Amino acid sequence: MTKKPEVEDMMYVSLPESTSPGGRCMDGTMAGYYVREGIDPHLFVINLAGGGGCQDEAKCSARNGTRDGSSDFDLPWKGGKDLMDPRCGVNPGFCEATHVHVPYCTSDAHRGIREPSDDSSWYSDYYFDGHSNFKAIIKELIKGKGLKNNKNKKVLLTGVSAGGIGAYFNVDVLQEMIPKATVKTAPNAGWFNPGALPEDLPSIYDPSDYTNFKAGTNGNGMYDLIQSGGDLVDIWKMKDNLPADCLENYVTSTDDKWWACGSMHIAYRYIKAPIFAIQTQYDENHIFTGGSAPKPYKIVDPSEEIIFKRYVDMMGKATRVSLQQLLDDETEAVKAHPDGIFAASCKAHGNPADLTLAGGKSWMEIVTDWFFQLGNLEEYYRQVEECGTDQAGLVLPCNADSEKCHFVVPDPKVVTCRQEVEKAGCLKKIDEQKCLRCVKQKKKQIIAGGCSPTKVAKQIIPGVCEANYKITPDDPDAKYVKKIKNNGEEKKSTCGKLMIMKKGKIKRDCCHEKYGPESAVKVCPVTCSICG
(Lines give C-alpha, C1' and ligand atoms only; values in the text may rest on other atoms or scores of the structure.)
Protein backbone atom coordinates (compact mmCIF):
# COMPACT_ATOMS: atom_id res chain seq x y z
CA MET A 1 0.00 0.00 0.00
CA THR A 2 1.17 3.54 -0.75
CA LYS A 3 1.95 5.41 2.47
CA LYS A 4 0.48 8.78 3.37
CA PRO A 5 2.73 11.64 2.21
CA GLU A 6 5.19 12.63 4.93
CA VAL A 7 5.37 16.30 3.89
CA GLU A 8 2.30 18.38 3.12
CA ASP A 9 4.00 21.22 1.25
CA MET A 10 1.90 21.68 -1.86
CA MET A 11 0.09 25.02 -1.67
CA TYR A 12 -3.51 25.47 -2.81
CA VAL A 13 -4.09 28.12 -5.46
CA SER A 14 -7.64 29.07 -6.45
CA LEU A 15 -8.39 30.00 -10.03
CA PRO A 16 -9.21 33.71 -10.47
CA GLU A 17 -12.88 34.67 -10.24
CA SER A 18 -12.53 36.08 -13.76
CA THR A 19 -11.72 32.66 -15.23
CA SER A 20 -13.80 31.97 -18.32
CA PRO A 21 -14.62 29.55 -19.75
CA GLY A 22 -14.55 27.19 -16.80
CA GLY A 23 -13.11 27.82 -13.38
CA ARG A 24 -15.89 26.22 -11.33
CA CYS A 25 -16.61 23.10 -9.36
CA MET A 26 -19.90 21.30 -9.79
CA ASP A 27 -21.68 23.51 -7.24
CA GLY A 28 -20.26 26.79 -8.59
CA THR A 29 -17.42 27.24 -6.08
CA MET A 30 -14.10 28.23 -7.64
CA ALA A 31 -11.85 25.36 -8.72
CA GLY A 32 -8.13 25.39 -8.07
CA TYR A 33 -4.91 23.40 -7.89
CA TYR A 34 -2.03 22.55 -5.58
CA VAL A 35 1.55 23.33 -6.56
CA ARG A 36 5.05 22.71 -5.25
CA GLU A 37 7.64 24.57 -7.30
CA GLY A 38 10.60 22.33 -8.01
CA ILE A 39 14.36 22.68 -8.19
CA ASP A 40 14.42 21.67 -11.86
CA PRO A 41 12.77 24.56 -13.76
CA HIS A 42 12.24 22.43 -16.86
CA LEU A 43 10.46 19.39 -15.39
CA PHE A 44 6.76 19.20 -14.47
CA VAL A 45 4.47 16.44 -13.19
CA ILE A 46 0.75 17.20 -13.34
CA ASN A 47 -1.59 14.82 -11.53
CA LEU A 48 -5.36 14.73 -12.01
CA ALA A 49 -7.28 13.46 -8.99
CA GLY A 50 -9.85 10.69 -9.34
CA GLY A 51 -13.03 9.79 -7.54
CA GLY A 52 -15.84 8.39 -9.66
CA GLY A 53 -18.31 10.57 -11.51
CA CYS A 54 -21.99 10.94 -12.29
CA GLN A 55 -24.31 10.99 -15.27
CA ASP A 56 -27.68 10.52 -13.61
CA GLU A 57 -29.77 12.74 -11.39
CA ALA A 58 -29.49 10.74 -8.17
CA LYS A 59 -25.71 10.37 -8.24
CA CYS A 60 -25.08 13.96 -9.29
CA SER A 61 -27.38 15.27 -6.58
CA ALA A 62 -25.51 13.17 -4.01
CA ARG A 63 -22.12 14.57 -5.14
CA ASN A 64 -23.08 18.22 -5.51
CA GLY A 65 -21.87 20.37 -2.61
CA THR A 66 -19.76 17.57 -1.11
CA ARG A 67 -16.04 16.87 -1.36
CA ASP A 68 -16.81 15.37 -4.76
CA GLY A 69 -18.48 18.48 -6.14
CA SER A 70 -17.15 21.50 -4.29
CA SER A 71 -13.87 23.24 -3.41
CA ASP A 72 -15.16 24.18 0.04
CA PHE A 73 -13.38 21.15 1.49
CA ASP A 74 -9.97 21.75 -0.10
CA LEU A 75 -7.24 22.34 2.49
CA PRO A 76 -4.55 25.03 2.19
CA TRP A 77 -1.80 22.43 1.90
CA LYS A 78 -1.44 18.81 0.82
CA GLY A 79 1.31 16.27 0.23
CA GLY A 80 2.28 14.36 -2.87
CA LYS A 81 2.92 10.64 -3.33
CA ASP A 82 4.20 8.28 -6.01
CA LEU A 83 5.30 10.41 -8.99
CA MET A 84 4.50 13.56 -6.95
CA ASP A 85 6.70 12.59 -3.99
CA PRO A 86 9.45 15.18 -3.28
CA ARG A 87 11.74 12.60 -1.65
CA CYS A 88 14.47 11.59 -4.09
CA GLY A 89 14.95 8.25 -2.34
CA VAL A 90 11.38 7.35 -3.26
CA ASN A 91 10.91 9.22 -6.54
CA PRO A 92 14.40 9.86 -7.98
CA GLY A 93 13.33 10.78 -11.49
CA PHE A 94 10.73 13.41 -10.60
CA CYS A 95 11.54 14.54 -7.04
CA GLU A 96 12.96 17.87 -8.28
CA ALA A 97 10.09 18.58 -10.67
CA THR A 98 7.39 21.18 -10.17
CA HIS A 99 4.45 19.13 -8.94
CA VAL A 100 0.88 20.17 -9.71
CA HIS A 101 -2.14 18.34 -8.29
CA VAL A 102 -5.59 19.09 -9.72
CA PRO A 103 -8.42 18.25 -7.27
CA TYR A 104 -11.51 16.59 -8.70
CA CYS A 105 -14.71 18.53 -8.06
CA THR A 106 -16.53 18.33 -11.40
CA SER A 107 -17.72 14.67 -11.51
CA ASP A 108 -16.94 14.49 -15.25
CA ALA A 109 -13.56 12.71 -15.39
CA HIS A 110 -11.96 16.09 -16.21
CA ARG A 111 -13.73 16.08 -19.59
CA GLY A 112 -16.69 18.48 -19.42
CA ILE A 113 -17.30 22.05 -20.60
CA ARG A 114 -20.94 22.37 -19.55
CA GLU A 115 -22.06 25.38 -17.53
CA PRO A 116 -25.53 26.14 -16.07
CA SER A 117 -28.27 26.85 -18.57
CA ASP A 118 -31.90 27.98 -18.66
CA ASP A 119 -33.25 24.68 -19.98
CA SER A 120 -35.44 22.41 -17.88
CA SER A 121 -33.01 19.48 -17.63
CA TRP A 122 -32.19 18.08 -14.20
CA TYR A 123 -28.54 19.04 -14.72
CA SER A 124 -29.15 22.64 -15.81
CA ASP A 125 -27.83 24.09 -12.52
CA TYR A 126 -24.56 22.14 -12.46
CA TYR A 127 -21.09 23.02 -13.70
CA PHE A 128 -19.30 20.18 -15.46
CA ASP A 129 -16.15 22.19 -16.10
CA GLY A 130 -13.42 19.55 -15.84
CA HIS A 131 -11.87 20.07 -19.26
CA SER A 132 -12.26 23.85 -19.13
CA ASN A 133 -10.67 23.91 -15.68
CA PHE A 134 -7.72 21.85 -16.90
CA LYS A 135 -7.02 24.33 -19.68
CA ALA A 136 -7.44 27.26 -17.28
CA ILE A 137 -4.95 25.73 -14.84
CA ILE A 138 -2.41 25.11 -17.62
CA LYS A 139 -2.75 28.77 -18.65
CA GLU A 140 -2.03 29.81 -15.04
CA LEU A 141 1.05 27.56 -14.96
CA ILE A 142 2.28 29.04 -18.23
CA LYS A 143 1.68 32.56 -16.96
CA GLY A 144 3.17 32.29 -13.48
CA LYS A 145 4.80 28.92 -12.72
CA GLY A 146 7.39 28.55 -15.46
CA LEU A 147 5.56 26.16 -17.80
CA LYS A 148 6.87 27.96 -20.87
CA ASN A 149 6.51 26.77 -24.42
CA ASN A 150 10.06 25.78 -25.24
CA LYS A 151 11.94 22.61 -26.17
CA ASN A 152 13.58 22.30 -22.75
CA LYS A 153 10.30 21.70 -20.93
CA LYS A 154 9.31 18.13 -20.08
CA VAL A 155 5.83 17.36 -18.72
CA LEU A 156 4.36 14.10 -17.43
CA LEU A 157 0.57 14.11 -17.09
CA THR A 158 -0.77 11.42 -14.80
CA GLY A 159 -3.80 10.53 -12.71
CA VAL A 160 -5.65 7.60 -11.14
CA SER A 161 -9.15 6.33 -12.00
CA ALA A 162 -11.23 9.31 -13.18
CA GLY A 163 -7.95 11.22 -13.12
CA GLY A 164 -6.44 8.55 -15.36
CA ILE A 165 -9.31 8.96 -17.81
CA GLY A 166 -8.73 12.70 -17.73
CA ALA A 167 -5.02 12.21 -18.41
CA TYR A 168 -5.71 10.13 -21.52
CA PHE A 169 -8.22 12.61 -22.91
CA ASN A 170 -6.41 15.85 -22.01
CA VAL A 171 -2.81 15.05 -22.90
CA ASP A 172 -3.10 16.11 -26.53
CA VAL A 173 -4.69 19.41 -25.51
CA LEU A 174 -1.76 19.99 -23.15
CA GLN A 175 0.65 19.33 -26.00
CA GLU A 176 -1.25 21.78 -28.22
CA MET A 177 -0.93 24.47 -25.53
CA ILE A 178 2.87 24.02 -25.30
CA PRO A 179 3.75 22.52 -28.72
CA LYS A 180 7.52 22.85 -28.37
CA ALA A 181 7.66 20.97 -25.04
CA THR A 182 7.91 17.21 -24.52
CA VAL A 183 4.56 15.98 -23.20
CA LYS A 184 3.73 12.38 -22.23
CA THR A 185 1.12 10.66 -20.09
CA ALA A 186 1.12 7.74 -17.64
CA PRO A 187 -2.47 7.15 -16.47
CA ASN A 188 -3.15 4.63 -13.71
CA ALA A 189 -6.46 2.72 -13.86
CA GLY A 190 -7.84 5.02 -16.54
CA TRP A 191 -8.50 2.50 -19.35
CA PHE A 192 -12.28 2.85 -19.43
CA ASN A 193 -13.43 0.62 -20.91
CA PRO A 194 -12.24 -2.49 -22.70
CA GLY A 195 -14.34 -3.45 -25.70
CA ALA A 196 -16.60 -6.49 -25.75
CA LEU A 197 -15.20 -9.77 -27.09
CA PRO A 198 -16.33 -10.93 -30.57
CA GLU A 199 -18.51 -13.68 -29.11
CA ASP A 200 -20.19 -11.16 -26.78
CA LEU A 201 -21.13 -7.83 -28.42
CA PRO A 202 -19.68 -5.56 -31.12
CA SER A 203 -16.41 -4.18 -29.70
CA ILE A 204 -17.69 -0.61 -29.88
CA TYR A 205 -19.61 -1.52 -26.71
CA ASP A 206 -18.35 -2.51 -23.26
CA PRO A 207 -18.51 -6.21 -22.29
CA SER A 208 -21.89 -7.54 -21.19
CA ASP A 209 -22.86 -6.78 -17.61
CA TYR A 210 -23.10 -9.51 -15.01
CA THR A 211 -26.89 -9.78 -15.10
CA ASN A 212 -26.85 -10.60 -18.80
CA PHE A 213 -23.83 -12.86 -18.49
CA LYS A 214 -25.47 -14.87 -15.71
CA ALA A 215 -28.65 -15.21 -17.75
CA GLY A 216 -26.74 -16.39 -20.80
CA THR A 217 -27.67 -13.26 -22.75
CA ASN A 218 -25.61 -10.38 -24.12
CA GLY A 219 -26.06 -6.73 -23.31
CA ASN A 220 -25.51 -3.79 -20.97
CA GLY A 221 -27.08 -0.42 -20.32
CA MET A 222 -25.47 1.35 -23.27
CA TYR A 223 -26.07 -1.48 -25.72
CA ASP A 224 -29.70 -1.81 -24.68
CA LEU A 225 -30.22 1.96 -24.99
CA ILE A 226 -28.79 2.15 -28.50
CA GLN A 227 -30.55 -1.00 -29.69
CA SER A 228 -33.88 0.38 -28.50
CA GLY A 229 -33.37 3.46 -30.68
CA GLY A 230 -32.19 5.79 -27.93
CA ASP A 231 -29.05 7.91 -27.76
CA LEU A 232 -26.68 8.88 -24.97
CA VAL A 233 -27.25 12.43 -23.75
CA ASP A 234 -23.96 14.35 -23.59
CA ILE A 235 -24.53 15.63 -20.08
CA TRP A 236 -20.95 16.86 -19.62
CA LYS A 237 -20.70 18.36 -23.15
CA MET A 238 -17.54 16.37 -23.77
CA LYS A 239 -18.22 15.39 -27.39
CA ASP A 240 -16.29 18.27 -28.96
CA ASN A 241 -13.26 17.52 -26.76
CA LEU A 242 -12.91 13.92 -27.92
CA PRO A 243 -10.23 13.09 -30.53
CA ALA A 244 -11.28 14.80 -33.76
CA ASP A 245 -9.99 11.98 -35.98
CA CYS A 246 -12.06 9.51 -33.99
CA LEU A 247 -15.22 11.59 -34.38
CA GLU A 248 -14.65 11.73 -38.13
CA ASN A 249 -14.87 7.94 -38.21
CA TYR A 250 -17.81 7.50 -35.83
CA VAL A 251 -20.04 10.49 -36.60
CA THR A 252 -21.83 10.75 -39.96
CA SER A 253 -24.95 12.55 -41.11
CA THR A 254 -26.97 9.38 -40.63
CA ASP A 255 -25.17 7.59 -37.80
CA ASP A 256 -23.87 9.46 -34.74
CA LYS A 257 -21.84 7.18 -32.48
CA TRP A 258 -19.85 9.99 -30.86
CA TRP A 259 -19.97 8.17 -27.53
CA ALA A 260 -17.68 5.44 -28.89
CA CYS A 261 -14.80 7.94 -28.90
CA GLY A 262 -15.20 8.36 -25.14
CA SER A 263 -13.98 4.79 -24.62
CA MET A 264 -10.24 4.11 -24.51
CA HIS A 265 -10.79 0.91 -26.46
CA ILE A 266 -11.82 3.04 -29.43
CA ALA A 267 -9.98 6.31 -28.68
CA TYR A 268 -6.52 4.84 -28.07
CA ARG A 269 -5.41 4.82 -31.70
CA TYR A 270 -6.22 8.54 -32.07
CA ILE A 271 -4.27 9.89 -29.08
CA LYS A 272 -1.08 11.48 -30.37
CA ALA A 273 1.06 11.84 -27.23
CA PRO A 274 3.24 8.97 -25.96
CA ILE A 275 1.33 6.82 -23.46
CA PHE A 276 2.44 4.54 -20.66
CA ALA A 277 -0.68 2.63 -19.56
CA ILE A 278 -0.66 1.43 -15.95
CA GLN A 279 -3.68 -0.86 -15.84
CA THR A 280 -4.63 -4.04 -14.02
CA GLN A 281 -6.17 -6.79 -16.12
CA TYR A 282 -9.05 -7.27 -13.68
CA ASP A 283 -10.03 -3.74 -12.73
CA GLU A 284 -12.57 -3.89 -9.90
CA ASN A 285 -14.41 -0.89 -11.34
CA HIS A 286 -14.88 -2.72 -14.63
CA ILE A 287 -16.16 -5.83 -12.85
CA PHE A 288 -18.18 -4.45 -9.95
CA THR A 289 -19.10 -0.85 -10.83
CA GLY A 290 -19.46 -1.06 -14.59
CA GLY A 291 -20.38 -4.74 -14.78
CA SER A 292 -22.50 -4.76 -11.59
CA ALA A 293 -21.11 -8.12 -10.47
CA PRO A 294 -21.72 -9.03 -6.81
CA LYS A 295 -18.82 -8.69 -4.38
CA PRO A 296 -17.35 -12.10 -3.43
CA TYR A 297 -18.52 -11.85 0.19
CA LYS A 298 -22.09 -11.67 -1.11
CA ILE A 299 -21.75 -14.86 -3.14
CA VAL A 300 -22.73 -17.81 -0.97
CA ASP A 301 -24.19 -20.15 -3.59
CA PRO A 302 -21.44 -22.45 -4.99
CA SER A 303 -23.11 -22.40 -8.42
CA GLU A 304 -22.92 -18.59 -8.41
CA GLU A 305 -19.23 -18.80 -7.53
CA ILE A 306 -18.67 -20.63 -10.82
CA ILE A 307 -20.60 -18.00 -12.79
CA PHE A 308 -18.69 -15.20 -11.06
CA LYS A 309 -15.32 -16.76 -11.87
CA ARG A 310 -16.33 -17.15 -15.49
CA TYR A 311 -17.34 -13.49 -15.58
CA VAL A 312 -14.02 -12.39 -14.09
CA ASP A 313 -12.25 -14.58 -16.66
CA MET A 314 -14.23 -12.91 -19.46
CA MET A 315 -13.48 -9.38 -18.22
CA GLY A 316 -9.77 -10.17 -17.94
CA LYS A 317 -9.69 -11.52 -21.48
CA ALA A 318 -11.56 -8.47 -22.80
CA THR A 319 -9.04 -6.18 -21.09
CA ARG A 320 -6.05 -8.06 -22.52
CA VAL A 321 -7.57 -7.98 -26.02
CA SER A 322 -8.19 -4.25 -25.66
CA LEU A 323 -4.66 -3.53 -24.44
CA GLN A 324 -3.18 -5.66 -27.23
CA GLN A 325 -3.65 -2.75 -29.63
CA LEU A 326 -1.02 -0.87 -27.62
CA LEU A 327 1.39 -3.80 -27.88
CA ASP A 328 0.69 -4.00 -31.61
CA ASP A 329 1.27 -0.24 -32.09
CA GLU A 330 -2.21 0.19 -33.55
CA THR A 331 -2.04 3.97 -33.46
CA GLU A 332 -2.60 6.48 -36.23
CA ALA A 333 -0.13 8.90 -34.66
CA VAL A 334 3.60 9.10 -35.35
CA LYS A 335 5.12 9.07 -31.88
CA ALA A 336 8.61 9.90 -30.68
CA HIS A 337 8.91 6.37 -29.31
CA PRO A 338 6.61 3.38 -28.62
CA ASP A 339 3.99 3.46 -25.88
CA GLY A 340 4.54 1.44 -22.73
CA ILE A 341 2.34 -0.76 -20.57
CA PHE A 342 2.37 -2.31 -17.10
CA ALA A 343 -0.60 -4.68 -16.80
CA ALA A 344 -0.56 -6.89 -13.73
CA SER A 345 -2.85 -9.91 -13.39
CA CYS A 346 -4.40 -8.22 -10.42
CA LYS A 347 -7.93 -7.78 -9.05
CA ALA A 348 -7.63 -4.15 -8.08
CA HIS A 349 -8.61 -0.68 -9.23
CA GLY A 350 -5.23 0.96 -9.59
CA ASN A 351 -1.73 -0.49 -9.33
CA PRO A 352 -0.12 -0.18 -5.89
CA ALA A 353 3.26 1.57 -6.12
CA ASP A 354 4.96 -1.47 -4.55
CA LEU A 355 3.59 -3.89 -7.16
CA THR A 356 6.30 -5.49 -9.30
CA LEU A 357 6.36 -7.74 -12.34
CA ALA A 358 9.34 -9.22 -14.21
CA GLY A 359 12.73 -8.39 -12.77
CA GLY A 360 11.19 -7.11 -9.55
CA LYS A 361 10.74 -3.65 -11.04
CA SER A 362 7.85 -1.42 -9.97
CA TRP A 363 5.82 0.61 -12.42
CA MET A 364 7.30 3.82 -10.96
CA GLU A 365 10.83 2.72 -11.82
CA ILE A 366 9.82 1.67 -15.31
CA VAL A 367 7.73 4.78 -16.06
CA THR A 368 10.66 6.98 -15.03
CA ASP A 369 13.08 5.14 -17.32
CA TRP A 370 10.52 5.20 -20.17
CA PHE A 371 9.72 8.90 -19.78
CA PHE A 372 13.37 9.97 -20.01
CA GLN A 373 14.11 7.18 -22.54
CA LEU A 374 17.14 6.12 -20.51
CA GLY A 375 17.02 2.60 -21.91
CA ASN A 376 18.18 0.96 -18.68
CA LEU A 377 14.85 -0.83 -18.21
CA GLU A 378 13.73 -0.98 -21.84
CA GLU A 379 13.04 -4.71 -21.62
CA TYR A 380 10.31 -3.91 -19.07
CA TYR A 381 8.57 -1.11 -20.99
CA ARG A 382 5.84 -3.48 -22.18
CA GLN A 383 4.60 -6.03 -19.68
CA VAL A 384 1.29 -7.90 -19.60
CA GLU A 385 1.50 -10.49 -16.84
CA GLU A 386 0.62 -14.01 -17.99
CA CYS A 387 -1.17 -16.67 -15.95
CA GLY A 388 -2.09 -20.27 -16.55
CA THR A 389 -5.59 -21.71 -16.50
CA ASP A 390 -7.28 -23.28 -13.51
CA GLN A 391 -8.98 -26.69 -13.51
CA ALA A 392 -12.03 -25.22 -15.22
CA GLY A 393 -9.90 -23.69 -17.98
CA LEU A 394 -10.31 -20.15 -16.66
CA VAL A 395 -7.61 -17.47 -16.50
CA LEU A 396 -8.04 -15.66 -13.18
CA PRO A 397 -5.95 -13.04 -11.32
CA CYS A 398 -2.67 -14.64 -10.27
CA ASN A 399 -0.32 -11.87 -9.12
CA ALA A 400 0.98 -12.79 -5.68
CA ASP A 401 3.25 -9.80 -5.20
CA SER A 402 0.73 -7.43 -3.63
CA GLU A 403 -1.95 -8.28 -1.08
CA LYS A 404 -4.27 -5.86 -2.86
CA CYS A 405 -4.22 -8.14 -5.91
CA HIS A 406 -5.29 -11.37 -4.23
CA PHE A 407 -8.30 -13.13 -5.76
CA VAL A 408 -10.00 -15.60 -3.44
CA VAL A 409 -13.35 -17.20 -4.27
CA PRO A 410 -15.20 -18.31 -2.27
CA ASP A 411 -14.56 -15.44 0.09
CA PRO A 412 -12.98 -16.63 3.38
CA LYS A 413 -15.83 -15.02 5.32
CA VAL A 414 -18.35 -17.05 3.33
CA VAL A 415 -16.38 -20.27 3.93
CA THR A 416 -16.24 -19.64 7.67
CA CYS A 417 -19.93 -18.80 7.98
CA ARG A 418 -20.90 -21.82 5.91
CA GLN A 419 -18.79 -24.06 8.15
CA GLU A 420 -20.23 -22.62 11.35
CA VAL A 421 -23.82 -22.93 10.14
CA GLU A 422 -23.08 -26.55 9.26
CA LYS A 423 -21.40 -27.20 12.64
CA ALA A 424 -24.51 -25.86 14.34
CA GLY A 425 -26.51 -28.53 12.53
CA CYS A 426 -28.70 -26.01 10.71
CA LEU A 427 -27.99 -27.35 7.22
CA LYS A 428 -29.51 -30.69 8.19
CA LYS A 429 -32.93 -29.17 8.74
CA ILE A 430 -35.74 -30.20 6.42
CA ASP A 431 -36.06 -26.90 4.55
CA GLU A 432 -34.74 -23.35 4.26
CA GLN A 433 -37.14 -21.82 6.79
CA LYS A 434 -36.17 -24.32 9.48
CA CYS A 435 -32.52 -23.67 8.67
CA LEU A 436 -33.05 -19.94 9.26
CA ARG A 437 -34.90 -20.67 12.50
CA CYS A 438 -31.99 -22.85 13.64
CA VAL A 439 -29.50 -20.10 12.79
CA LYS A 440 -31.47 -17.59 14.84
CA GLN A 441 -31.49 -19.94 17.83
CA LYS A 442 -27.75 -20.66 17.56
CA LYS A 443 -26.66 -17.18 16.53
CA LYS A 444 -24.16 -16.72 19.41
CA GLN A 445 -22.49 -20.06 18.73
CA ILE A 446 -22.13 -19.31 15.00
CA ILE A 447 -20.70 -15.82 15.58
CA ALA A 448 -18.34 -17.06 18.28
CA GLY A 449 -17.04 -19.65 15.82
CA GLY A 450 -15.77 -16.92 13.52
CA CYS A 451 -18.77 -15.91 11.39
CA SER A 452 -18.36 -12.31 12.42
CA PRO A 453 -18.81 -9.42 12.84
CA THR A 454 -22.57 -9.55 13.28
CA LYS A 455 -23.17 -7.21 10.31
CA VAL A 456 -21.27 -9.59 8.00
CA ALA A 457 -23.03 -12.64 9.46
CA LYS A 458 -26.45 -11.08 8.74
CA GLN A 459 -25.46 -10.60 5.09
CA ILE A 460 -24.04 -14.07 4.53
CA ILE A 461 -26.03 -16.55 6.63
CA PRO A 462 -29.44 -16.23 4.93
CA GLY A 463 -27.74 -16.99 1.63
CA VAL A 464 -26.06 -20.05 3.12
CA CYS A 465 -29.44 -21.50 4.06
CA GLU A 466 -30.97 -20.54 0.70
CA ALA A 467 -28.12 -22.08 -1.31
CA ASN A 468 -28.27 -25.31 0.69
CA TYR A 469 -31.83 -26.02 -0.41
CA LYS A 470 -31.53 -24.65 -3.94
CA ILE A 471 -30.89 -26.93 -6.86
CA THR A 472 -29.70 -25.23 -10.03
CA PRO A 473 -30.31 -27.54 -12.98
CA ASP A 474 -27.52 -28.30 -15.41
CA ASP A 475 -27.41 -26.39 -18.68
CA PRO A 476 -28.99 -28.87 -21.14
CA ASP A 477 -26.80 -27.52 -23.97
CA ALA A 478 -23.51 -27.86 -22.04
CA LYS A 479 -21.22 -30.40 -23.72
CA TYR A 480 -19.08 -33.02 -22.03
CA VAL A 481 -16.63 -35.58 -23.41
CA LYS A 482 -18.41 -38.93 -23.59
CA LYS A 483 -15.36 -40.85 -24.77
CA ILE A 484 -12.21 -40.56 -26.82
CA LYS A 485 -11.95 -42.78 -29.86
CA ASN A 486 -8.83 -44.78 -30.81
CA ASN A 487 -7.86 -42.12 -33.33
CA GLY A 488 -7.93 -39.51 -30.57
CA GLU A 489 -11.16 -37.90 -31.72
CA GLU A 490 -13.46 -36.73 -28.92
CA LYS A 491 -17.06 -37.85 -28.92
CA LYS A 492 -19.20 -35.37 -27.04
CA SER A 493 -22.72 -35.32 -25.67
CA THR A 494 -24.87 -32.80 -23.77
CA CYS A 495 -26.29 -32.59 -20.27
CA GLY A 496 -29.77 -32.57 -21.82
CA LYS A 497 -29.22 -36.00 -23.37
CA LEU A 498 -27.63 -37.27 -20.17
CA MET A 499 -30.69 -36.27 -18.13
CA ILE A 500 -32.98 -38.66 -20.07
CA MET A 501 -30.66 -41.67 -19.92
CA LYS A 502 -31.31 -44.67 -17.72
CA LYS A 503 -29.62 -44.70 -14.33
CA GLY A 504 -26.96 -47.21 -15.34
CA LYS A 505 -25.91 -45.23 -18.39
CA ILE A 506 -25.82 -42.00 -16.36
CA LYS A 507 -23.40 -43.66 -13.94
CA ARG A 508 -21.30 -44.92 -16.83
CA ASP A 509 -20.83 -41.38 -18.17
CA CYS A 510 -20.74 -39.59 -14.84
CA CYS A 511 -18.83 -41.52 -12.24
CA HIS A 512 -15.27 -40.71 -13.32
CA GLU A 513 -13.12 -37.64 -14.03
CA LYS A 514 -10.80 -39.10 -16.67
CA TYR A 515 -11.55 -36.25 -19.11
CA GLY A 516 -10.69 -33.56 -16.56
CA PRO A 517 -12.82 -30.39 -16.63
CA GLU A 518 -14.70 -31.76 -19.66
CA SER A 519 -15.86 -34.87 -17.80
CA ALA A 520 -19.62 -35.22 -17.35
CA VAL A 521 -19.31 -35.01 -13.56
CA LYS A 522 -17.73 -31.55 -13.98
CA VAL A 523 -19.98 -30.25 -16.75
CA CYS A 524 -23.28 -31.73 -15.48
CA PRO A 525 -22.82 -31.86 -11.67
CA VAL A 526 -26.53 -31.99 -10.76
CA THR A 527 -27.34 -34.87 -13.08
CA CYS A 528 -24.16 -36.62 -11.98
CA SER A 529 -24.98 -36.25 -8.27
CA ILE A 530 -26.22 -39.83 -8.59
CA CYS A 531 -22.57 -40.84 -8.18
CA GLY A 532 -22.58 -39.65 -4.57
Side-chain angles (χ1 to χ4, degrees), residues 50-64 68 106-112 114 121-123 126 128 130 161-162 164-166 168-169 189-239 242 246-247 250-251 255-268 279 282-295 298-299 304 307-308 310-319 321-322 349:
C54 67
Q55 293 197 61
D56 64 61
E57 185 173 5
K59 289 181 181 178
C60 288
S61 177
R63 294 173 71 91
N64 187 44
D68 296 322
T106 52
S107 299
D108 59 2
H110 303 274
R111 295 200 279 181
R114 182 179 293 279
S121 64
W122 61 262
Y123 47 84
Y126 296 141
F128 294 113
S161 189
I165 299 172
Y168 280 125
F169 285 94
W191 194 276
F192 283 80
N193 282 307
L197 295 169
E199 61 270 26
D200 182 12
L201 297 170
S203 64
I204 194 173
Y205 298 101
D206 299 346
S208 285
D209 58 33
Y210 186 79
T211 300
N212 276 285
F213 184 85
K214 181 179 177 180
T217 55
N218 305 95
N220 55 48
M222 172 65 82
Y223 178 79
D224 296 343
L225 173 68
I226 301 302
Q227 294 305 305
S228 66
D231 193 11
L232 182 69
V233 178
D234 187 10
I235 292 170
W236 301 338
K237 287 189 72 172
M238 68 175 182
K239 175 180 176 179
L242 298 174
C246 182
L247 291 173
Y250 286 91
V251 177
D255 191 16
D256 188 352
K257 290 188 173 68
W258 68 269
W259 41 266
C261 298
S263 163
M264 273 305 295
H265 179 72
I266 301 298
Y268 166 72
Q279 181 67 48
Y282 303 88
D283 192 310
E284 289 183 311
N285 277 30
H286 294 168
I287 296 168
F288 301 115
T289 306
S292 300
K295 294 292 181 70
K298 293 184 177 180
I299 302 174
E304 178 110 356
I307 296 169
F308 175 72
R310 287 174 49 219
Y311 187 70
V312 171
D313 167 79
M314 183 269 285
M315 291 296 286
K317 183 178 180 182
T319 300
V321 169
S322 186
H349 180 54

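This one's a predicted model, so the numbers in the text were calculated from it and none came from an experiment. In this chain, residues are counted from 1 in sequence order.
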For this session: Could you tell me which non-hydrogen atom of Lys317 sits nearest to which non-hydrogen atom of Leu197, and how far apart they are?
Result: CD-CD1, 3.9 Å
Problem set entry | Leu201 side chain near Met222 side chain, heavy-atom distance below 4.5 Å | no
Problem set entry | Nearest-0.5 Å distance, NZ of residue Lys257 to CD1 of residue Ile204 | 5.5 Å
Problem set entry | Asn193 vs His286 side-chain heavy atoms within contact, under 4.5 Å | yes
Problem set entry | Heavy-atom pair of closest approach, residues Trp191 and Gln279 | N-OE1, 3.0 Å
Exercise. What pair of heavy atoms forms the shortest contact from Phe128 to Cys54, and how long is it?
Worked result: CE2-SG, 4.3 Å
Exercise. Is it true that a side-chain atom of Ser208 and a backbone atom of Asn220 form a donor plus acceptor pair closer than 3.5 Å?
Worked result: no
For this session: Quick one: pull up CH2 in Trp236 and CD in Gln55 and give me the separation to the nearest 0.5 Å.
Result: 4.0 Å
Seminar exercise, completed: One should read off an interatomic distance between Tyr205 OH and Leu225 CG, to the nearest 0.5 angstrom, of 9.0 Å
Exercise. Do the non-hydrogen side-chain atoms of Met315 and Tyr282 ever get within less than 4.5 Å of each other?
Worked result: no
Exercise. Do Thr217 and Asn212 have side-chain N/O donor and acceptor atoms under 3.5 Å apart?
Worked result: yes
Problem set entry | Separation of Glu304 CD from Lys298 NZ (nearest 0.5 Å) | 12.0 Å
Problem set entry | Pairwise distance CG(Asn64) to OH(Tyr126) - rounded to 0.5 angstrom | 4.5 Å
Exercise. Between Arg111 (side chain) and Gly262 (backbone), is there a donor-acceptor pair under 3.5 Å?
Worked result: yes
For this session: Check Arg63 against Ser107 and note the closest heavy-atom contact, atom names and distance.
Result: NE-OG, 2.6 Å
Exercise. Are any of the side-chain heavy atoms of Asp231 and Trp259 separated by less than 4.5 Å?
Worked result: yes
Exercise. Is there side-chain contact between Trp258 and Met238, with heavy atoms separated by less than 4.5 Å?
Worked result: yes
For this session: Test Pro294 against every option in Ile307, Ile299, Ile287 by the side-chain contact (heavy atoms from CB on, under 4.5 Å) rule and name the one that passes.
Result: Ile299
Exercise. Of the non-hydrogen atoms in Pro194 and Ser322, which two are nearest, and what is the gap between them?
Worked result: CA-OG, 3.7 Å
Exercise. Taking the side chain as C-beta and beyond, is there a heavy-atom pair between Phe308 and Lys214 under 4.5 Å?
Worked result: no
Problem set entry | Exercise: identify the closest heavy-atom pair between Glu284 and His349 | OE1-N, 3.8 Å
Exercise. Any donor-acceptor pair under 3.5 Å linking the side chain of Arg310 with the backbone of Phe213?
Worked result: no
Problem set entry | Rounded distance (nearest 0.5 Å) linking atom CG of Asp224 with atom CG of Asp209 | 7.5 Å
